[in-house]
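All of these numbers come straight from a predicted model, not from anything done at the bench.
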Amino acid sequence: MRKLRKLNKLLIVLMMCAAVLSACENGSTTATPTSEEATTAQTAAAVSGELLVDVNLPDLVTFDDEDYAADWSADTPMAIALSGTEATITGTGAEAKDGMVTITAAGTYVLSGKLSEGQIVVDVQDKGTVRLVLNGVDIHDSDSAPIYIKEAEKAIITLQDGTENIVTDGTAYVLADASADEPNAAIFSKADLTINGTGKLSVTGNYNNGITSKDDLKIMAGTIQILAHDDGILGRDLVAVVDGSITVKAEGDGVKATNDTDATKGIIAIAGGEFDIQAGADGIQAETTMLIDGGTYTIVTGGGNVNGEVHVEERGGPRGMATTTEATTSVEDAESKSTKGLKTGGDLIINNGIYTIDSADDTLHSNGNIAINGGEIGMATGEDAIHADAQVIIAGGKVHITKSYEGIEGTTITINGGEVHVTASDDGTNASGENGSNQLNINGGILYVDSAGDGLDANGSVKMTGGTAIVNGPTSSGNGSLDYDGTFEMTGGILVAAGSTGMVQAPSEDSSQYSIVMSFPQTQAAGTLVNLVDSTGNSIVTFAPSKEYQAVAISSPDLKEGSYVLSSGGSSTGSEANGLYADGIYEGGTKVVEFDITKSVTWLNELGVTTAVEGHGGGGGGMRPGGGMRGQKPAFPDQDGTDTQQ
């Protein structure tokens with residue numbers, strides 16, 4: 001139960017835990033905690049928003065020495081030589097009859113040759129491990145599983161170094177009990193199954209699955225290629241991969257763990273390896289927890305992002321009252337098949353790895369929490385790139401979303417580190433839920449958003465304490481670069497958001513860090529620089545939006561009370577990253593406005609400082625404080641100093 005308790009506590013993140021924070025900052029505690037208390041404190045508290053997740057593969061999976069041991073020379077092996085529909089057995093513990101080889105005793109069995117029509121059955125009633133060494137075999141059975149582990153305490157399939165092994169079934173099985181539908185895979189085991197060794201295994205599951213274990217399935221090494229009518233690799237309780245090269249082409253799921261009756265099972269745990277998965281349904285799917293410590297992944301699901309849903313946005317009226325019509329090219333397929341990249345019914349934890357995922361549905365999907373602590377993840381999807389029913393927490397790594405409907409969605413989204421690039425046809429980030437208490441937290445790292453809908457969206461509040469957040473878009477006045485319903489507390493970090501003016505918002509006025517919002521009289525072309533300097537000529541921000549824009553919100557720790565100049569156009573000799581220029585000289589631009597900062601949020605146009613009308617700068621959806629409607633444009637001062645609406 002220790003592992004279960006740890007898993008349950010793992011992603012319960014308290015972003016501000018005063019007692020723990022104070023103790024950590026002071027470097028002392030008042031008492032020595034028990035091991036259970038220490039685990040709770042470590043997994044439940046975050047210091048300055050830092051996610052403390054220490055779960056790794058050994059926390060979920062136990063490997064025995066024999067799981068790793070591929071050298072069977074010290075054993076006393078029995079030899080099984082296959083030829084046509086017959087087999088010659090040297091030693092005891094097995095018998096052959098009518099093309100069926102039945103193994104009835106624990107031990108090591110070395111198989112070689114070709115069985116053109118027949119079956120290897122393991123039916124061992126006693127305790128002990130049965131090891132099948134595939135030493136260059138070609139096994140075919142047209143009406144059942146070519147390798148069927150019917151009964152055993154544990155089975156190991158060892159792929160002999162330097163050999164190629166082929167296992168193929170037919171399209172229709174003759175089952176002893178049709179209601180049980182087993183066996184249903186070319187390699188089928190009702191016991192724990194381990195695959196090790198450095199040889200090659202090619203499996204074709206014409207009937208249903210490629211490799212299935214009704215218990216645990218562990219892959220330690222080897223080159224494994226699977227072609228499956230349904231799922232490629234399936235372990236009911238566990239699929240654990242240590243290493244190897246795994247290629248799966250499946251009409252169903254690529255890799256899958258299915259136990260939904262026990263919270264400690266239905267787990268996918270991967271330490272490393274190379275994966276090339278083409279799946280008609282989900283790429284890798286765990287019923288409960290998925291943990292990935294490393295590896296290289298190329299995954300295509302449902303034919304890729306081009307087969308995603310077609311979203312038709314019908315926006316208009318008050319903000320927050322938009323309607324969305326979703327249509328698909330194949331409603332029947334969309335309703336019957338999930339086509340996600342990595343999918344879990346519980347928590348998804350990525351500690352490392354290199355990923356290239358092209359999915360018709362969500363790329364990373366969890367019915368619980370998602371934690372990304374490292375790795376390089378490239379995603380293109382026809383739906384959400386990252387979706388969690390609970391929290392999304394990114395603490396490190398590189399996340400590059402090249403195409404999505406919504407980029408990152410969860411009840412709470414927290415960016416603590418790493419580099420996150422989001423391209424979205426709707427919202428870049430969406431902290432969403434029914435109760436309006438959802439939160440977007442930016443504490444570190446780089447968050448870059450290119451969105452057609454809202455840039456940073458929270459059906460609740462936003463809090464930024466550090467890092468860099470850059471937003472390009474939207475160009476439509478029915479959306480905003482910043483969209484929050486509660487407050488936007490700005491206490492640190494750099495924020496630059498360029499988009500349309502129709503729904504423009506700024507950080508909240510009670511923020512401790514200063515912000516400005518500039519509204520231009522005309523739309524500015526994409527790439528037109530915005531330069532902000534203080535009265536001594538020190539550059540605060542030089543930014544080139546990637547899209548056309550009419551409003552720019554800027555917040556920086558360098559903004560203080562005093563005089564500033566905002567210019568447009570020109571060029572910079574500085575080094576550019578994500579549209580922001582560092583160092584260098586800004587030149588050739590046109591001064592747009594000179595102004596003074598005297599309060600936390602300064603609203604500007606080309607004539608100078610103005611005020612935000614109802615509908616801007618305070619948060620909230622629909623009717624804004626003071627009775628105004630979101631969507632009103634800022635007030636512009638006339639020459640006589642009075643405010644009018646444009």
Side-chain angles (χ1 to χ4, degrees), residues 1 3-4 7 57-69 103-104 106-107 109 120-132 144-159 167 175-177 180-197 201 203 205 208-222 224 226 228 230-242 244 246 252-271 284-291 344-346:
M1 293 300 292
K3 293 177 182 177
L4 177 57
L7 283 172
L57 203 75
D59 296 305
L60 302 181
V61 187
T62 299
F63 296 98
D64 300 326
D65 290 342
E66 63 182 359
D67 290 326
Y68 290 96
I103 295 170
T104 57
Y109 299 83
I120 309 298
V121 177
V122 175
D123 191 357
V124 177
Q125 303 299 317
D126 299 331
K127 290 185 176 182
T129 298
V130 176
R131 180 192 299 272
L132 304 179
S144 190
I147 297 179
Y148 180 19
I149 300 162
K150 184 176 182 181
E151 183 74 32
E153 183 181 15
K154 181 177 180 179
I156 297 175
I157 294 177
T158 296
L159 308 177
V167 178
L175 302 174
D177 181 0
D181 192 25
E182 58 181 48
N184 63 1
I187 297 178
F188 185 88
S189 176
K190 297 181 72 173
D192 291 340
L193 174 63
T194 295
I195 299 175
N196 64 21
L201 172 63
V203 178
N208 198 32
N209 301 331
I211 300 174
T212 291
S213 170
K214 295 295 291 292
D215 290 320
D216 292 352
L217 174 59
K218 300 174 183 177
I219 298 175
M220 313 302 292
I224 300 173
I226 296 176
D230 192 13
D231 301 329
I233 297 172
L234 189 152
R236 184 174 185 270
D237 295 343
L238 167 75
V239 175
V241 180
V242 172
I246 298 172
D253 298 324
V255 180
K256 188 174 185 178
T258 62
N259 192 324
D260 60 357
T261 61
D262 187 334
T264 66
K265 298 180 179 180
I267 292 171
I268 301 282
I270 302 175
I284 304 177
Q285 191 240 319
E287 194 63 42
T288 56
T289 301
M290 185 185 304
L291 168 69
T344 69

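- Taking Asp216 as the reference, Asp192, Asp237, Leu238 meet the side-chain contact (heavy atoms from CB on, under 4.5 Å) condition, with sequence neighbours excluded.
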Could you list the donor-acceptor pairs under 3.5 angstrom formed between side-chain atoms of residues 148-157 and any protein atom two or more places apart in sequence or on another chain?
from   : atom 1 : to     : atom 2 : distance (Å)
Glu153 : OE1    : Gly128 : N      : 2.6
Lys154 : NZ     : Asp64  : OD2    : 3.2
Lys154 : NZ     : Glu66  : OE2    : 3.3
Lys154 : NZ     : Asp67  : OD1    : 2.7

Please lay out, stage by stage, how Met220 and Thr194 fare under the test side chain to side chain contact (heavy atoms under 4.5 Å, CB included). CA-CA 7 Å; Met220 313 302 292; Thr194 295; 3.7 Å; yes

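- Side-chain contact between Leu234 and Leu217: absent, with no pair of heavy atoms (C-beta onward) separated by less than 4.5 Å.
- The two residues Ala185 and Ala145 have their closest heavy-atom pair at O-CB, 3.0 Å.
- By the salt bridge (Lys or Arg N to Asp or Glu O under 4.0 Å) test, Arg236 pairs with no residue at all, sequence neighbours left out.
- Across all non-hydrogen atoms, the minimal contact from Ala269 to Val61 is CB-CG2, 3.6 Å.
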Going through the checks in order, is the side chain to side chain contact (heavy atoms under 4.5 Å, CB included) test met by Val130 and Ile103? CA-CA 9 Å; Val130 176; Ile103 295 170; 4.3 Å; yes

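- Under the 4.5 Å side-chain criterion, counting only non-hydrogen atoms from C-beta, Thr158 is in contact with Arg131.
- Put simply, the side chain of Ile284 does not reach to within 4.5 Å of the side chain of Val239, judged on heavy atoms.
- Considering only heavy atoms from C-beta on, Val255 stays 4.5 Å or farther from Met290 through its side chain.
- Asp215 and Ser213 are not linked by any side-chain donor-acceptor pair at a separation below 3.5 angstrom, with hydrogens and angles left out of the test.
- Pro146 approaches Ala186 most closely through the heavy-atom pair CD-O, 3.0 Å.
- Between Phe63 and Leu57 the shortest side-chain heavy-atom distance falls below 4.5 Å.
- For Asp181, the side-chain contact (heavy atoms from CB on, under 4.5 Å) partners two or more places apart in sequence, or in a different chain, are Leu175, Asn184, Tyr207.
- For Thr288, the side-chain contact (heavy atoms from CB on, under 4.5 Å) partners at least two apart in sequence or on another chain are Ile267.
- Side-chain atoms of Val167 and Ile147, non-hydrogen and from C-beta on, do get closer than 4.5 Å to each other.
- Ile246 places a side-chain heavy atom less than 4.5 Å from the side chain of Val241.
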Output, in order, the C-alpha distance, side-chain angles, deciding distance and verdict of side chain to side chain contact (heavy atoms under 4.5 Å, CB included) for Leu291 and Ile268. CA-CA 6 Å; Leu291 168 69; Ile268 301 282; over 6 Å; no

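- Formation of a donor-acceptor pair under 3.5 Å by the Asn259 side chain with backbone atoms of Lys265 is not found in this model.
- Under the side-chain contact (heavy atoms from CB on, under 4.5 Å) criterion, Asp260 pairs with Glu287, sequence neighbours left out.
- For the pair Leu132 and Val122, the minimum side-chain heavy-atom distance is below 4.5 Å.
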Determine, step by step, whether Ile211 and Ile226 satisfy the side chain to side chain contact (heavy atoms under 4.5 Å, CB included) criterion, reporting the C-alpha distance in whole Å, the side-chain angles of both residues, the deciding distance to 0.1 Å, and the verdict. CA-CA 8 Å; Ile211 300 174; Ile226 296 176; 3.8 Å; yes

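- Listed here is the closest heavy atom pair of Asn209 and Thr212: ND2-OG1, 3.2 Å.
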